[in-house]
Amino acid sequence: MRVSIGIPCYNAERYVARAIESCLEQSVKPFEIIVCDDGSSDKTEWVVSGYVPFGVVMAKNGENRGIGYTRNRIISLCRGDVLLFLSADDVLLPHAVETVMSYAERYPDSFLYSDYYIINEEGKRIGEYRAPEFGTREEFVKACINSARQDRMFVAYNMAAPIDLWRKIPFWEDKKIGEDLAHLLESVLVRDARFVHIPFPLFCYRIHSDMQTNIHRNRIHENNLDTFSRINRMLGAEVV
């Protein structure tokens, strides 16, 4: 099984090197590492280019197209059987690829999400997030809806899935923020996709002042309302 890692990035010069290095340090080597720069205005492209000699595949959008478009471009470039996404400011734990391979073999039709450690700007571990367990699919769906209504998610989109599944349910390219929530709701409510929880951390989630969530905080609720409206239209009923 060939596991590819995809890293979308935008103005990530401070952290993207560590993200790439964490992919290169895996206990089982990934099939490929694809980094797509979404038209950054800082030195992200220069930093990433330094890893091309180590086998990193580098792509660059001609202009800033947004995270949804950038994720889809990585999906289109992927040559592996399974694609694992990693945010440019996060760090993959050394056993991540090995674990994804094991779970993807057991659950070949599913999105895989995991727990994670929380780190600060300097990379110091400051907490741990354990995703909730659900006994039934109905409980999972209900939790997705309830979290979304509170502008939250209990899954992080450093997720893995068979490449065919990512291509079957692409990201909304007009979403420059909140593309993960839109994808989750479409996958669960509209496409009836299965999500499997890996009950231990596979990555470190970095909290810092330049996070897109912080930069666009005042737009999140309005953006989510647009997502809810579009999902409801797809369903033909007011579900979320």
Side-chain angles (χ1 to χ4, degrees), residues 5-8 66-75 78 82-90 100 103-104 107-116 118 129-199 201-203 205 211-213 216-217 219-240:
I5 302 174
I7 306 176
I67 183 65
Y69 176 92
T70 304
R71 285 187 185 271
N72 284 344
R73 186 161 184 214
I74 289 173
I75 291 168
C78 177
V82 172
L83 174 60
L84 166 64
F85 276 109
L86 177 68
S87 295
D89 48 4
D90 293 342
V100 164
Y103 271 79
Y107 305 100
D109 60 345
S110 302
F111 290 103
L112 307 174
Y113 69 99
S114 74
D115 301 341
Y116 54 85
I118 303 169
Y129 176 78
R130 293 187 178 274
E133 292 284 353
F134 302 98
T136 66
R137 172 176 169 75
E138 289 72 22
E139 291 174 354
F140 180 85
V141 171
K142 183 177 180 180
C144 287
I145 294 172
N146 289 340
S147 296
R149 287 172 175 167
Q150 299 173 55
D151 296 329
R152 296 187 296 107
M153 292 175 62
F154 61 86
V155 300
Y157 255 64
N158 286 339
M159 296 201 310
I163 188 60
D164 290 344
L165 187 54
W166 286 120
R167 288 172 177 159
K168 179 182 177 182
I169 313 175
F171 290 88
W172 297 4
E173 295 193 354
D174 63 323
K175 288 287 182 182
K176 292 204 169 186
I177 59 171
E179 91 297 340
D180 47 2
L181 179 60
H183 188 272
L184 175 65
L185 292 177
E186 179 182 357
S187 298
V188 172
L189 301 179
V190 181
R191 304 298 192 98
D192 199 30
R194 183 180 184 187
F195 284 71
V196 172
H197 175 218
I198 299 175
L202 291 188
F203 65 95
Y205 178 85
M211 296 173 67
Q212 293 300 302
T213 303
H216 299 292
R217 186 169 299 278
R219 295 171 49 202
I220 289 175
H221 182 66
E222 180 181 357
N223 179 76
N224 289 351
L225 290 178
D226 171 72
T227 296
F228 301 161
S229 176
R230 291 162 66 175
I231 291 292
N232 288 335
R233 287 200 300 272
M234 289 180 185
L235 296 169
E238 188 169 340
V239 175
V240 64

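This one's a predicted model, so the numbers in the text were calculated from it and none came from an experiment. Along the sequence shown, the residues carry numbers beginning at 1.
Taking CG of N223 as the start and CD1 of I220 as the end, the distance is 8.0 Å to the nearest 0.5 Å. To the nearest 0.5 angstrom, I163 atom CD1 is 11.5 Å from L84 atom CG. How far OG1 of T70 is from NZ of K176: 9.0 Å, rounded to the nearest 0.5 Å. Rounded to the nearest 0.5 angstrom, Y205 OH and D90 CG are separated by 7.0 Å. Going from atom CG of L112 over to atom OH of Y103 covers 9.0 Å, rounded to the nearest 0.5 Å. Distance CZ/R73 to CD/E173: 11.0 Å, rounded to 0.5 Å.
Atom CZ of R130 has 12 or fewer neighbouring heavy atoms from other residues, nucleotides or ligands inside a 6.0 Å radius. Heavy-atom neighbours of Q150 CD from other residues, nucleotides or ligands within 6.0 Å: above the threshold of 12.
At least one side-chain heavy atom of L202 sits less than 4.5 Å from a side-chain heavy atom of V100. A 4.5 Å side-chain heavy-atom check between I67 and K175 finds every atom pair outside the cut-off. Taking the side chain as every heavy atom from C-beta outward, V141 and L189 approach each other to under 4.5 Å. In this structure, D115 and H197 have side chains that are in contact, with non-hydrogen atoms separated by less than 4.5 Å.
Side-chain N or O atoms of N224 include none that pairs as donor or acceptor with a backbone N or O of R149 at under 3.5 Å. The backbone N or O of A182 lies less than 3.5 Å from no partner atom in the side chain of W172, so there is not a single donor-acceptor pair.
In this structure, R71 is positioned above the aromatic face of F85, its NZ or CZ under 6.0 Å from the six-membered ring centre and within 45° of the axis.
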Between D164 and K168, is a salt bridge (Lys or Arg N to Asp or Glu O under 4.0 Å) present by the stated rule, with each step listed? CA-CA 6 Å; D164 290 344; K168 179 182 177 182; over 6 Å; no

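Between F111 and W166, the two ring planes are perpendicular [angle over 60°; tilted spans 30° to 60°]. In this pair, F171 and Y157 present their aromatic rings perpendicular. The plane angle is above 60°, beyond the 30 to 60° band.
Residues R167 and I75 approach most closely at NH2-O, 3.1 Å, considering heavy atoms. When all heavy atoms of I74 and G6 are compared, the closest pair comes out as CG2-CA, 3.7 Å.
Close placement of the F195 and F140 rings is indicated, their centers lying within 6.0 Å of each other.
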